[in-house]
Novice: 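Structure in structure tokens, see below.
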Amino acid sequence: EISVAVDYFDIEVNGEIAQLGAANVLGQCYASEFFPNDPLCGQFSRVNDLDPSDPFFNDGDPENIAVVFDSFFNINSQRNKGVDVTTRLVHDFAGDTTLTIQGQMTWQTRDDVALFDGFTSDTNGEAGEPKWVGDFFAQLDSGPWSLFYSLDVIGATDDREDYLNANGTLCPTLVSLGTVCLQLQTEAQFYHSVSVTRELNENFRITAGLSNITDNTPPRTSQLGGDG
């Protein structure tokens, strides 16, 4: 028995009300591909931007950020498009034995966020937004025993284009570190898990298993913004 299901999705949200938080306002301003013209960069003021009569004015370094305006606002639009595919194979062998194999995959073709009109950021294929992910499993049931294997796959990501457009190089010279070359790509990641289950009766069963049996650690990339 083989079954295949294909679903196309196109989700658009307009006028969502959100509050980012002060840290996110600053972080997204400096990480924005539109920096320093992103409207988020107008949501905070430095000491030297304020009149001495302003309640947020202080005697600190004139370049210090004195206040962040973290009010609620309407996110202009968000849009996500892609295709989900699920394939399932079930085969009954002689006796009380059944093999089930299933794969679920998502191809993301669009992932746009526009906090403000005219400032649309395309994050499809970037960190946290891979273009492809897949979950696969095979399960063999025989009498009271069940053997299970799963594979989770997270597709590769690449943030180099945005950084190159904003900075012109992947090897910037930083004040504290000198010239460094940034790691802004991740390879596809594979996570394997296995388990065995023994059914004792209708109400009890025992399961033993291992997750991430290859001990694959999450990929590391260069941190941008903040302390550099």
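All values derive from a computational prediction rather than experimental measurement.
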Novice: Hydrophobic clustering (ILVMFWY, side-chain heavy atoms < 4.5 Å, transitive) - are Ile101 and Phe93 grouped together?
Specialist: yes
Novice: Please check if atom NZ in Lys81 has more than 12 non-hydrogen atoms from other residues, nucleotides or ligands closer than 6.0 Å.
Specialist: yes
Novice: Tell me the closest heavy-atom pair linking Tyr191 and Ile154, and the distance in Å.
Specialist: CE1-CD1, 4.1 Å
Novice: To the nearest 0.5 Å, tell me how far Asn37 CG sits from Phe119 CZ.
Specialist: 6.5 Å
Novice: Applying the side chain to side chain contact (heavy atoms under 4.5 Å, CB included) test to Trp107, which of Asp84, Val133, Val85 qualifies?
Specialist: Val85
Novice: Does atom CG of Asp59 have more than 12 heavy-atom neighbours, drawn from other residues, nucleotides or ligands, at distances under 6.0 Å?
Specialist: no
Novice: How many angstroms lie between atom NE2 of His192 and atom CD1 of Ile213, to the nearest 0.5 angstrom?
Specialist: 6.5 Å
Novice: Compare all side-chain heavy atoms of Pro219 with those of Gln189 and state whether any distance is below 4.5 angstrom.
Specialist: yes
Novice: Looking only at heavy atoms, which two atoms of Pro172 and Tyr163 are closest? And how far apart?
Specialist: CG-OH, 3.3 Å
Novice: Quick one: pull up CG in Asp112 and CG in Asp122 and give me the separation to the nearest 0.5 Å.
Specialist: 5.0 Å
Novice: Asn124 side chain to Gln108 main-chain N or O, any donor-acceptor pair under 3.5 Å?
Specialist: yes
Novice: What do the steps show when you test Glu63 against Asn48 for side-chain contact (heavy atoms from CB on, under 4.5 Å), and what is the final call?
Specialist: CA-CA 6 Å; Glu63 294 298 322; Asn48 59 8; 2.9 Å; yes
Novice: Determine whether Val90 and Tyr149 fall in the same hydrophobic cluster, where Ile, Leu, Val, Met, Phe, Trp and Tyr are linked whenever their side-chain heavy atoms lie under 4.5 Å apart.
Specialist: no
Novice: Please report the closest heavy-atom contact between Cys171 and Thr179, naming both atoms and the distance.
Specialist: O-CG2, 3.7 Å
Novice: Quick check: do Leu164 and Asp162 have side-chain heavy atoms less than 4.5 Å from each other?
Specialist: no
Novice: Would a hydrophobic clustering, with Ile, Leu, Val, Met, Phe, Trp and Tyr connected at side-chain separations under 4.5 Å, put Phe9 with Met105?
Specialist: no
Novice: Any idea which heavy atoms bring Leu20 and Leu40 closest together, and the distance?
Specialist: CD1-CD2, 3.8 Å
Novice: Keeping the roles fixed (side chain from Asn167, backbone from Thr169), state whether a donor-acceptor pair exists under 3.5 Å.
Specialist: no
Novice: What distance separates Glu199 CD from Thr197 OG1, expressed to the nearest 0.5 Å?
Specialist: 9.5 Å
Novice: For a quick check under 3.5 Å, do Asp141 and Thr98 share a side-chain donor-acceptor pair by atom type?
Specialist: no
Novice: Starting at CZ of Phe137, measure out to OG1 of Thr100 and round the result to the nearest 0.5 Å.
Specialist: 6.0 Å
Novice: Spell out, yes or no, whether Leu115 and Phe44 are grouped together once hydrophobic residues are joined by side-chain heavy atoms under 4.5 Å, including indirect joins.
Specialist: yes
Novice: Where the side chain of Gln19 meets the backbone of Asp70, is there a donor-acceptor pair that is under 3.5 Å apart?
Specialist: yes
Novice: Looking at Ile11, I want to see if its CD1 is surrounded by more than 12 non-hydrogen atoms of other residues, nucleotides or ligands under 6.0 Å.
Specialist: yes
Novice: Using only atom types and a distance under 3.5 Å, with no angle test, would you say the side chain of Asn216 pairs donor to acceptor with the backbone of Phe190?
Specialist: yes
Novice: Partners of Arg88 by salt bridge (Lys or Arg N to Asp or Glu O under 4.0 Å), sequence neighbours excluded?
Specialist: none
Novice: If you count heavy atoms of other groups shown closer than 6.0 angstrom to CZ of Arg46, is the number above 12?
Specialist: yes
Novice: Counting N and O atoms only, with roles assigned by atom type, does the side chain of Gln183 sit under 3.5 Å from a partner on the main chain of Cys181, one being a donor and the other an acceptor?
Specialist: no
Novice: With a 6.0 Å cut-off (strictly less than), is the heavy-atom count around CD of Glu187, excluding the residue itself, greater than 12?
Specialist: no
Novice: Does Trp145 reach the side chain of Val196, with side-chain heavy atoms less than 4.5 Å apart?
Specialist: yes
Novice: Would you name the heavy atoms of Ala114 and Ile75 that are closest together and state the gap between them?
Specialist: O-CG2, 3.7 Å
Novice: With Glu126, which of Asp158, Asp159, Thr157, Thr186 fulfils side chain to side chain contact (heavy atoms under 4.5 Å, CB included)?
Specialist: Asp159
Novice: Sub-3.5 Å donor-acceptor pair from the side chain of Asp38 to the main-chain atoms of Phe35, do we have one?
Specialist: no
Novice: Working to the nearest 0.5 Å, report the span between CG of Leu99 and NE2 of His91.
Specialist: 8.0 Å
Novice: If you group Ile, Leu, Val, Met, Phe, Trp and Tyr by side-chain heavy-atom gaps below 4.5 Å, do Phe34 and Phe116 land in one group?
Specialist: yes
Novice: So with a 6.0 Å cut-off around CZ of Phe204, is the heavy-atom count from everything else above 12?
Specialist: no
Novice: Could you go through the side-chain contact (heavy atoms from CB on, under 4.5 Å) check for Asp10 and Arg79 one step at a time?
Specialist: CA-CA 7 Å; Asp10 185 351; Arg79 191 168 184 183; 2.7 Å; yes
Novice: If you compare all heavy atoms of Cys41 against all heavy atoms of Pro36, which two are closest, and at what distance to 0.1 Å?
Specialist: CB-O, 3.7 Å
Novice: Taking the side chain as every heavy atom from C-beta outward, state whether Asp61 and Val47 have any pair of such atoms under 4.5 Å apart.
Specialist: no
